[in-house]
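This report concerns only the one structure given below.
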Amino acid sequence: MASDETFRHALVAQLPFQAGGGACTVLVRRVGGDVQLLFHAVLDTTAVLTRQQVEELIAALSSAAE
C-alpha cells in the first residue's frame with residue numbers, strides 16, 4: 001500500500017463473454033481524501049469519486065442486484 005493509501009479492497013469479477021471472459025480485478029481504495037475505483041487494478045482505468053457519487057454507486061449496485 002502506498003503511504004497515502006489508507007484503504008484497499010479487491011474484488012475479482014468476471015468479464016462478459018463478449019469481452020473475452022476471464023477475470024477482472026475491481027479495486028476500491030482511499031488515497032488521501034479520494035475514493036478511487038479501478039478496473040483491472042490499473043491506474044489508467046481509475047475513477048475518482050465524490051462522496052455523493054459513492055452513495056449513488058452503492059444505490060445503483062443495490063438496485064441492479066434486486
Side-chain angles (χ1 to χ4, degrees):
M1 233 186 292
S3 62
D4 55 347
E5 183 179 316
T6 57
F7 177 84
R8 175 182 287 233
H9 180 84
L11 172 71
V12 178
Q14 192 72 29
L15 288 169
F17 176 77
Q18 300 87 333
C24 171
T25 301
V26 179
L27 182 64
V28 178
R29 63 187 203 154
R30 184 174 47 245
V31 178
D34 294 330
V35 173
Q36 299 179 346
L37 180 64
L38 295 79
F39 294 93
H40 303 291
V42 176
L43 287 176
D44 289 347
T45 65
T46 301
V48 177
L49 305 172
T50 65
R51 177 176 279 286
Q52 182 177 355
Q53 290 169 320
V54 169
E55 292 170 0
E56 184 177 338
L57 179 59
I58 291 166
L61 291 170
S62 294
S63 293
E66 291 179 359

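Keep in mind that this is a model prediction, so the values were computed, not measured.
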Side-chain polar contacts of residues 55-62 - donor-acceptor pairs under 3.5 angstrom, sequence neighbours left out - could you list them?
{"from": "S62", "atom 1": "OG", "to": "I58", "atom 2": "O", "distance (Å)": "3.0"}

Sequence neighbours left out, cut at 3.5 Å: what donor-acceptor pairs do the side chains of residues 39-48 make with other protein atoms?
{"from": "T45", "atom 1": "OG1", "to": "F39", "atom 2": "N", "distance (Å)": "3.0"}
{"from": "T45", "atom 1": "OG1", "to": "F39", "atom 2": "O", "distance (Å)": "2.5"}
{"from": "T45", "atom 1": "OG1", "to": "V42", "atom 2": "O", "distance (Å)": "2.8"}
{"from": "T46", "atom 1": "OG1", "to": "L43", "atom 2": "O", "distance (Å)": "2.8"}

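Using a 4.5 Å cut-off between side-chain heavy atoms of Ile, Leu, Val, Met, Phe, Trp and Tyr, with links allowed through other members, V35 and L37 fall into the same hydrophobic cluster. The cluster map of Ile, Leu, Val, Met, Phe, Trp and Tyr, joined by side-chain heavy atoms under 4.5 Å apart, puts V54 and L27 in different clusters.
Closest approach of A23 and V12 over heavy atoms only: CB-CG1, 4.0 Å.
Without hydrogens or angle criteria, Q36 side chain to L49 main chain gives no donor-acceptor distance under 3.5 Å.
For the atom pair CD of E5 and CZ of R30, the computed distance is 9.5 Å after rounding to the nearest 0.5 Å.
Atom CD of Q52 is surrounded by 12 or fewer heavy atoms from other residues, nucleotides or ligands within 6.0 Å.
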